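Please read the structure below before turning to the comments.
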Amino acid sequence: MARILGEERHVLELQDPVSGSVITLYYRRPTSEERVAYQLSAYRIEGGERRFCLGETRLKFGLAILDGFEQGNFLIQEKGELVPLDPERHPDWQEKLLKHAPDLVSFLAQQVFEGIRVVGRGDAEWG
């Protein structure tokens, strides 16, 4: 399928290792400035030492581009009942995902910021 240029919202479907179900995340394409900031924030100098911060970077930028998710992909306890996490009803939905599903937020950032692959001549997808 061709890439639709100018499309505002993108979709990433992934197999959740915890629930075993397919989770659909919606995200926006990062800006050029965010791409540069992502690369620069993977390392930090602290006390004269170079510190690897890729985990923190993935969480921060994954959360920044995360737009939402498919209805019913996440459930939370509310008044003793399981209810779907809903951005309309739960303004803190991003914080809930950051706290309880950081692996998914990190994976989103990894795929969007780092996931480009080169297809080799021997691969079936090579033109």
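Values in this document were obtained by computation on a predicted structure and should not be read as measured data. Counting begins at 1 with the first residue of the sequence.
Within a 6.0 Å sphere centred on CG of Leu82, other residues, nucleotides and ligands contribute more than 12 heavy atoms. Taking a 6.0 Å sphere around CD of Glu81, one finds it holds 12 or fewer heavy atoms contributed by other residues, nucleotides or ligands. In the displayed structure, Gln77 atom CD is contacted under 6.0 Å by more than 12 heavy atoms of other residues, nucleotides or ligands. Annotation for Glu88: atom CD does not count as buried by contact number, only 12 or fewer foreign heavy atoms lying within 6.0 Å. Taking a 6.0 Å sphere around CZ of Arg9, one finds it holds more than 12 heavy atoms contributed by other residues, nucleotides or ligands.
Side-chain contact between Phe69 and Leu104: absent, with no pair of heavy atoms (C-beta onward) separated by less than 4.5 Å. Gln94 has its side chain within reach of Leu66: a pair of non-hydrogen atoms, C-beta onward, lies under 4.5 Å apart. At least one side-chain heavy atom of Leu12 sits under 4.5 Å from a side-chain heavy atom of Phe107. By the 4.5 Å heavy-atom criterion applied to side chains, Leu75 and Leu85 are not counted as neighbours.
Clustering of Ile, Leu, Val, Met, Phe, Trp and Tyr by side-chain heavy atoms under 4.5 Å joins Val22 with none of the others.
Going from atom OG1 of Thr24 over to atom CD of Gln71 covers 12.0 Å, rounded to the nearest 0.5 Å.
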When you look at Ser19 and Asp16, which way does the side chain to side chain donor-acceptor pair (under 3.5 Å) test go after all the steps? CA-CA 6 Å; Ser19 69; Asp16 179 24; 2.8 Å; yes
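Residue Phe113 is grouped with residue Phe52 when hydrophobic side chains (ILVMFWY) are merged at heavy-atom distances under 4.5 angstrom, including chains of intermediate members. With hydrophobic clusters built from ILVMFWY side chains whose heavy atoms lie under 4.5 angstrom apart, Val11 does not share a cluster with Trp93. At a threshold of 4.5 Å between side-chain heavy atoms, the hydrophobic network of Ile, Leu, Val, Met, Phe, Trp and Tyr places Phe74 and Tyr26 in two separate groups.
The ring pair (Phe, Tyr, Trp, His ring centres under 6.0 Å) check on Tyr27 picks up His10, with sequence neighbours excluded.
A salt bridge links Glu46 to Arg44: at least one charged side-chain nitrogen sits closer than 4.0 Å to a carboxylate oxygen.
For residues 24-35, every residue pair satisfying the salt bridge (charged side-chain N to carboxylate O under 4.0 Å, His left out) rule, not counting sequence neighbours, is listed here: Arg28-Glu34.
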